[in-house]
Amino acid sequence: MKTRVADHLTTVFFIISLLSAGSSEHDLFLEFCGKWRHGNKPLNVDIDVSPGCEGLSVSANESSLFVRGKITAECNRTQVISLDKYVIDPDMNFCLHWEPLLDQMMLKVGKRNLILCPPSSPAQNCCTDLSNGANMPEAEYGIAKGTIRNDPLQEKTLEGYNFTGQHANCKKLCDQAKGLVKGFRNTEHPCAQRYEQEMKKDFKGNKVSKSGPKQKTFVTVDIPSDLKPPKTTKSKMSVTFLKNISMFPAFSLSAHETVSSKEARPLMDVVEISVENENITDLPEPVKIFFDHEYVPWNLRRKCVSWDTHRDPLEVNWSTFGCKTKRKGSRHTECQCDHLTYFTVLVQLEPKPVRHLLALTAITYVGCAASFISCVGLIVFFCRNRRRTKEQAVAIHLGLALALALLSLLFFFTGILANVGGDDVCTWVGALLHYALLSSLTWMGIEVLNTFWLIYMVFRPSPRPYVWYLIGFVLPVVPVGILAGVGDIYGMAEIEPDDDRDDPYRMCWMKLNEQNALLAHCFTTMALLAILVSSGVVMLFLVFREIRNRDEWKQNRVAFLSIWGLSCLFGVTWGLTFLTIEPLSDFILFLSCFLNSFQGFFLMLRFCMMNWVRKQASRSVLGSTSSGSVKQHMLQTSEKS
């Protein structure tokens with residue numbers, strides 16, 4: 001009997017311990033939301049918050065929304081904010097967000113985020129555990145459908161709500177916040193970290209650093225000696241690292257202006273640099289901030305920005321003015337700024353929009369249609385000539401024509417299939433398009449290798465045609481099959497036009513906004529393209545050196561047409577993909593689109609020209625051999641000897 005009693009007491013004591021442990025945890029934030037029912041009068045927000053922990057009151061009437069209380073650590077703000085410039089609905093939703101760890105308060109009114117208390121490092125005591133107190137009476141105008149963290153409080157319209165809080169040790173609150181996520185991933189301390197230093201007369205600059213978990217993220221601030229105001233004997237400089245950037249919503253990125261559409265987000269920490277009682281601008285030597293951050297794909301823009309508090313201190317308006325961006329790889333960014341405020345690196349959430357997309361799309365469609373028709377004609381032409389000659393170059397030309405025909409056909413219909421079939425169809429079409437592109441590039445590489453064989457290995461037999469066909473058509477299946485098996489590589493891709501971002505161009509391709517798909521694209525398509533272009537340029541040089549003394553090449557027309565034809569054959573024109581010279585970017589983009597879309601058409605012109613040359617040279621020894629082979633047209637000197 002005593003044993004049972006002891007067991008029951010142990011169980012009760014254990015439950016009480018759990019309850020007491022759970023009750024020792026504090027609320028890390030308050031999120032109070034509701035619907036403000038107001039009249040048609042000019043509307044405003046009346047703010048009156050100050051340090052303390054006596055409580056918070058949120059109320060409303062026909063024309064004003066009131067936020068009053070003593071809950072902050074340092075923030076002291078009394079202001080009436082007019083809402084005339086904001087779009088206000090008759091029944092407007094709002095949310096008040098309070099984070100004691102950062103001493104920050106944000107009011108979301110409609111689609112606007114008003115910063116009532118900017119973030120700062122935590123003080124010794126934080127006001128937390130705000131609980132709903134005595135509510136105010138019902139009213140015609142006021143707050144309806146009040147909620148705390150999505151938990152409903154009251155459906156009726158009340159004049160307002162009261163909240164009471166209690167003091168808590170900020171350090172323990174930070175440890176609690178870290179412990180909540182520790183079980184999921186190794187995270188750095190969620191609280192802000194502030195470093196202060198007295199800048200005396202002999203101040204020569206300083207470096208302040210903050211590292212993250214396992215050195216995955218790292219921020220270093222290089223303070224120049226010019227930061228110290230010359231008229232003061234000493235002043236206090238502070239650097240604050242803000243890890244919790246939830247209050248900094250996504251904003252768009254502009255080269256010189258501040259705008260506010262949700263297209264970019266802060267990449268990592270936000271750094272605040274300030275000098276006590278001073279407004280520092282136009283520094284002769286900039287403040288340098290080094291961000292070591294997570295991987296950022298090459299097609300996403302990064303920009304160093306600062307919070308433009310002069311434009312509207314109540315809203316976060318990021319601006320690139322006064323800051324220079326230096327990219328140092330995909331994981332490092334250096335910011336150089338000539339003033340002091342909040343700084344961060346904004347990264348674009350989607351690839352940057354394409355200028356002249358409509359014109360480029362039209363060129364692509366016309367080029368792909370012309371290339372497909374031209375390649376079909378070449379296929380018929382080579383099939384007929386293959387019966388008349390044993391020249392293996394004809395089989396290689398036929399393989400290239402088949403691959404280009406498939407590529408042109410798929411690229412022509414990829415936009416239509418993306419809009420009609422959606423993601424399910426795009427998974428297969430994207431894989432087929434990738435295969436067709438790899439196969440086409442492989443066949444261009446085979447053309448380069450065959451030309452090298454004809455010039456420098458004349459007395460050695462060329463590999464059988466089936467070997468080339470295995471390489472050109474079967475080998476590209478391997479990487480595409482592996483990537484399809486991995487999954488989440490192929491699908492619908494959206495390309496935003498610069499003039500109308502609400503109507504993107506959809507196509508079936510690789511999901512380049514995903515890191516795995518981007519790596520796959522670099523290690524397959526871009527790597528093969530780099531090898532092809534470099535080998536093609538080398539082969540052009542070797543061919544030119546071998547036959548530049550021929551009489552025919554002294555005619556500029558013949559020389560130009562021959563080099564141009566071989567460039568299309570070897571895929572050298574695809575090298576324009578790697579050129580990103582900013583003043584000529586539009587010209588290069590149009591040129592690359594035109595040449596590569598019409599590649600099949602240009603190849604048909606080349607072989608027609610070569611066939612015409614063969615007929616003109618029908619009396620020569622080689623006049624009756626392969627129509628269009630490099631051996632017949634370019635190497636007559638070695639053959640005659």
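Note that the numbering runs from 1 along the sequence shown for the chain.
- With sequence neighbours left out, the salt bridge (Lys or Arg N to Asp or Glu O under 4.0 Å) criterion links E198 to no other residue.
- Applying the ring pair (Phe, Tyr, Trp, His ring centres under 6.0 Å) definition to pairs two or more places apart or across chains, none involves residues 49-83.
- Taking both residues in full, the closest heavy atoms of I489 and L483 are given as CG1-O, 3.6 Å, listed atom of the first, atom of the second, then distance.
- Using a 3.5 Å distance cut-off with no hydrogens or angles, the side chains of S306 and T341 do not pair a donor with an acceptor.
- A donor-acceptor pair is defined here as one N or O able to donate and one able to accept, closer than 3.5 Å; no such pair exists between the side chain of S57 and the backbone of N162.
- Using modelled atom types, one finds a donor on one side chain and an acceptor on the other under 3.5 Å when comparing S64 with N44.
- In terms of modelled atom types and a separation under 3.5 Å, the side chain of T325 and the main chain of C304 share a donor-acceptor contact.
- No salt bridge links E31 with R149; every basic N to acidic carboxylate O contact stays at or beyond 4.0 Å.
- Pairs engaging residues 127-168 under the disulfide (SG to SG under 2.5 Å) rule: C53-C127 [sequence neighbours left out].
- Taking the salt bridge (Lys or Arg N to Asp or Glu O under 4.0 Å) definition, one finds that D48 meets it with nothing, sequence neighbours left out.
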Practice problem: In sequence, state the C-alpha distance, the side-chain angles, and the governing distance for D103 and T72, and then conclude on side-chain hydrogen bond (donor to acceptor under 3.5 Å, both in side chains). | Solution: CA-CA 6 Å; D103 198 30; T72 66; 4.6 Å; no

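- Taking the ring pair (Phe, Tyr, Trp, His ring centres under 6.0 Å) definition, one finds that Y195 meets it with F241, sequence neighbours left out.
- Judged by distance alone, the side chain of R77 and the main-chain N or O of L116 form a donor-acceptor pair under 3.5 Å.
- Taken to the nearest 0.5 Å, the CD1 atom of I71 stands 11.5 Å off from the NE2 atom of H167.
- Looking only at side-chain heavy atoms (C-beta outward), F290 and V219 stay at 4.5 Å or farther from each other.
- Shown here are the ring pair (Phe, Tyr, Trp, His ring centres under 6.0 Å) partners of H332, two or more places apart in sequence or in another chain: there are none.
- Annotation: side chain of L96 is in contact with side chain of M105 (closest heavy-atom distance under 4.5 Å).
- Sequence neighbours left out, not one pair with a member in residues 158-168 passes salt bridge (Lys or Arg N to Asp or Glu O under 4.0 Å).
- Contacts of F94 classified as side-chain contact (heavy atoms from CB on, under 4.5 Å), with partners at least two apart in sequence or in another chain: F32, W36, V58, L65, L107, I143.
- For the cysteines C337 and C323, the sulfur (SG) atoms lie within a distance shorter than 2.5 angstrom of each other.
- Shown here are the salt bridge (Lys or Arg N to Asp or Glu O under 4.0 Å) partners of E138, two or more places apart in sequence or in another chain: K156.
- Within the structure, salt bridge (Lys or Arg N to Asp or Glu O under 4.0 Å) pairs that include any residue of residues 333-347 comprise K328-E334 (at least two apart or interchain).
- The closest side-chain heavy-atom distance from I47 to V49 is below 4.5 Å.
- In this structure D488 satisfies the side-chain hydrogen bond (donor to acceptor under 3.5 Å, both in side chains) test together with K511, sequence neighbours excluded.
- In this structure, the salt bridge (Lys or Arg N to Asp or Glu O under 4.0 Å) partners of D46, at least two apart in sequence or on a different chain, are R68.
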